[in-house]
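Every chain is numbered from 1 and lettered A, B, ... according to where its sequence line falls, protein lines coming before strand lines.
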There are 2 protein chains.
Amino acid sequence: MYRIGELAKACNINHDTLRFYEKNALLTPSSRSESGYRLYTEKDKDILEFILRAKNVGFTLSEIKELLSIEVDKANNACADVKTLVDTKLQTVENKLAELIRFQASLKRLSDACCGGEESAEHCTILEALESDTNAVRHEHHHD
Amino acid sequence: MYRIGELAKACNINHDTLRFYEKNALLTPSSRSESGYRLYTEKDKDILEFILRAKNVGFTLSEIKELLSIEVDKANNACADVKTLVDTKLQTVENKLAELIRFQASLKRLSDACCGGEESAEHCTILEALESDTNAVRHEHHHD
DNA sequence: ATACACCTTTGACTTAACTCCAAGGTCAAT
DNA sequence: ATTGACCTTGGAGTTAAGTCAAAGGTGTAT
């Protein structure tokens with residue numbers, strides 16, 4: 001069991017952020033001590049880590065709330081609904097992945113061009129690095 | 001040449017956002033008409049698209065400004081500095097990529113479990129899907 | 001020449017996501 | 001029994017990133 005300060009420190013965030021997440025129904029501590037102190041379990045910590053990772057890749061708190069709300073309820077027949085939500089989010093993730101892979105390629109090309117090869121003059125900005133990427137994929141396409 | 005409304009519409013954003021980006025030195029239109037209208041070129045549009053994609057994967061505007069400022073200036077000897085910045089950003093991108101791949105795997109597992117296989121009971125929430133991922137990678141590690 | 005859609009600027013307002021503050025309770029150590 | 005680090009609540013303040021509104025200029029179409 002973590003008290004609020006311990007969990008905050010462990011995850012490197014402000015303790016007020018934890019209260020804020022509680023107020024916004026993202027993460028409620030599993031229990032309270034006699035005297036009213038919030039007590040977080042290891043599972044609560046997993047949820048928090050999930051929230052922080054999701055935030056880091058550009059999900060909003062309300063999107064994260066949606067992700068956390070996903071529950072395949074076998075008894076209830078809401079399975080199809082859940083699958084729709086999951087597949088929508090999966091699509092979002094895959095779009096983000098595609099973007100990031102493009103950024104990665106551009107930055108790599110830039111890093112290599114810099115102080116590296118003979119072709120230092122070729123790719124001088126991230127936009128040019130991106131363009132050369134685009135050109136590689138599409139047809140040649142000059143404009144100055 | 002796009003006027004502000006045209007570019008905003010083409011990129012599906014508010015025209016005030018373009019003024020906001022200009023005020024914050026992220027994107028300044030290449031020229032103005034006689035009467036003072038902002039005129040954006042195709043290159044300006046490329047920059048805007050870059051900004052929007054970067055935002056989408058969780059970069060802040062000031063990080064994006066940094067990315068856009070990268071220029072390998074051969075004359076100037078700042079090449080090493082640039083490489084450091086680029087490599088730092090590359091690391092950031094690769095961390096984000098790793099997170100997203102994990103999300104993707106979890107969501108896929110969830111999607112497959114739902115309405116799909118026999119094992120519908122196994123992975124009911126994104127956290128459980130994540131956990132089973134963790135378990136696959138690390139040692140077995142029970143806690144209830 | 002007058003609508004009308006579009007543009008200008010300045011400045012105030014909004015929303016998401018925190019972050020801080022005040023006034024006070026808890027608890028282990030001196 | 002009191003200090004000091006921790007916790008509580010409620011509410012106000014901040015920052016990033018827009019978004020809107022007011023007052024007025026532009027430019028093409030009737």
Side-chain angles (χ1 to χ4, degrees), chain A residues 1-41 44-45 47-69 89 92 96 99, chain B residues 1-41 44-45 47-69 89 92 96 99:
Chain A
M1 294 294 210
Y2 302 84
R3 274 174 307 159
I4 197 167
E6 291 165 346
L7 183 59
K9 193 165 197 176
C11 293
N12 204 30
I13 58 167
N14 191 305
H15 58 279
D16 280 323
T17 302
L18 284 169
R19 298 208 185 88
F20 174 77
Y21 287 167
E22 183 174 352
K23 201 166 69 187
N24 290 273
L26 269 128
L27 175 58
T28 305
S30 291
S31 58
R32 292 281 182 135
S33 75
E34 288 282 300
S35 51
Y37 286 15
R38 287 169 180 80
L39 294 173
Y40 296 90
T41 62
D44 292 335
K45 190 177 177 225
I47 296 174
L48 178 58
E49 280 165 355
F50 176 84
I51 293 169
L52 297 176
R53 289 188 299 110
K55 234 167 52 74
N56 186 242
V57 291
F59 284 104
T60 66
L61 294 191
S62 72
E63 284 174 317
I64 295 170
K65 203 145 88 179
E66 256 188 320
L67 284 170
L68 285 170
S69 79
K89 291 298 172 192
T92 307
K96 282 179 194 289
E99 296 295 5
Chain B
M1 293 295 211
Y2 302 85
R3 274 174 307 160
I4 196 167
E6 290 165 346
L7 183 57
K9 193 165 197 178
C11 293
N12 205 30
I13 58 167
N14 190 305
H15 58 280
D16 280 323
T17 302
L18 284 169
R19 297 209 184 89
F20 175 77
Y21 287 167
E22 183 174 352
K23 200 167 69 190
N24 290 274
L26 268 127
L27 175 58
T28 305
S30 291
S31 58
R32 293 279 183 134
S33 74
E34 287 282 299
S35 51
Y37 288 15
R38 287 168 179 81
L39 294 174
Y40 297 90
T41 61
D44 292 334
K45 191 179 176 220
I47 296 174
L48 178 57
E49 280 165 356
F50 177 84
I51 294 170
L52 298 176
R53 289 188 299 110
K55 234 168 50 76
N56 186 241
V57 291
F59 284 104
T60 65
L61 295 190
S62 71
E63 285 174 316
I64 295 169
K65 203 146 89 180
E66 257 189 318
L67 284 170
L68 284 170
S69 78
K89 291 298 173 192
T92 308
K96 282 178 195 288
E99 297 294 6

Residues which pass side-chain hydrogen bond (donor to acceptor under 3.5 Å, both in side chains) with B:Glu66, listed by chain and number, not counting sequence neighbours: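 In terms of side-chain hydrogen bond (donor to acceptor under 3.5 Å, both in side chains), with neighbours along the sequence ignored, B:Glu66 is linked to B:Lys89.
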
Pairs meeting criterion salt bridge (charged side-chain N to carboxylate O under 4.0 Å, His left out) with involvement of residues 10-19 of chain B, two or more places apart: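 Non-adjacent pairs meeting salt bridge (charged side-chain N to carboxylate O under 4.0 Å, His left out): B:Asp16-B:Arg19.
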
Cationic N near anionic O, under 4.0 Å, B:Lys45 to B:Glu49: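 Answer for the salt bridge query: yes.
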
Check ion pair A:Arg32-A:Glu22 (N to O, under 4.0 angstrom):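 Result for this pair is yes, salt bridge flagged.
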
Side-chain contact, heavy-atom cut-off 4.5 Å: [X] with [Y]?
{"X": "A:Leu67", "Y": "A:Phe50", "result": "yes"}
{"X": "B:Ser31", "Y": "B:Met1", "result": "yes"}
{"X": "A:Asp44", "Y": "A:Tyr2", "result": "no"}
{"X": "A:Leu61", "Y": "A:Phe20", "result": "yes"}

Nucleotide-resolved protein contact map, nucleotides 15-26 of chain C, B/S/- at heavy-atom distance under 4.0 Å: --BBBB----BB

Under-4.0 Å side-chain N/O to phosphate OP1/OP2 contact, B:Arg38 with C:dT8: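 True: B:Arg38 side-chain N/O within range (under 4.0 Å) of C:dT8 OP1/OP2.
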
Interatomic distance, B:Glu22 CD vs C:dT10 P [rounded to whole Å]: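 In whole Å, C:dT10 P lies 11 Å from B:Glu22 CD.
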
Contact interval (first through last nucleotide) of DNA chain D with protein chain A, 4.0 Å heavy-atom: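 Here the contact window of chain A covers D:dC6 to D:dT9.
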
Residue from A:Leu26, A:Thr28, A:Ile64, A:Leu27 passing side-chain contact (heavy atoms from CB on, under 4.5 Å) with A:Ile47: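 Checked A:Leu26, A:Thr28, A:Ile64, A:Leu27 against A:Ile47; only one passes side-chain contact (heavy atoms from CB on, under 4.5 Å): A:Leu27.
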
Side-chain atoms of residues 4-13 of chain A: list all donor-acceptor pairs with protein atoms under 3.5 Å, sequence neighbours left out, distances to 0.1 Å.
{"residue": "A:Glu6", "atom": "OE1", "partner": "A:Arg3", "partner atom": "N", "Å": "2.8"}
{"residue": "A:Glu6", "atom": "OE2", "partner": "A:Arg3", "partner atom": "NH2", "Å": "3.4"}

Of residues 4-13 of chain B, the positions that come close to DNA chain C - non-hydrogen atoms, cut-off under 4.0 Å: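 Correct list: B:Ile4, B:Gly5.
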
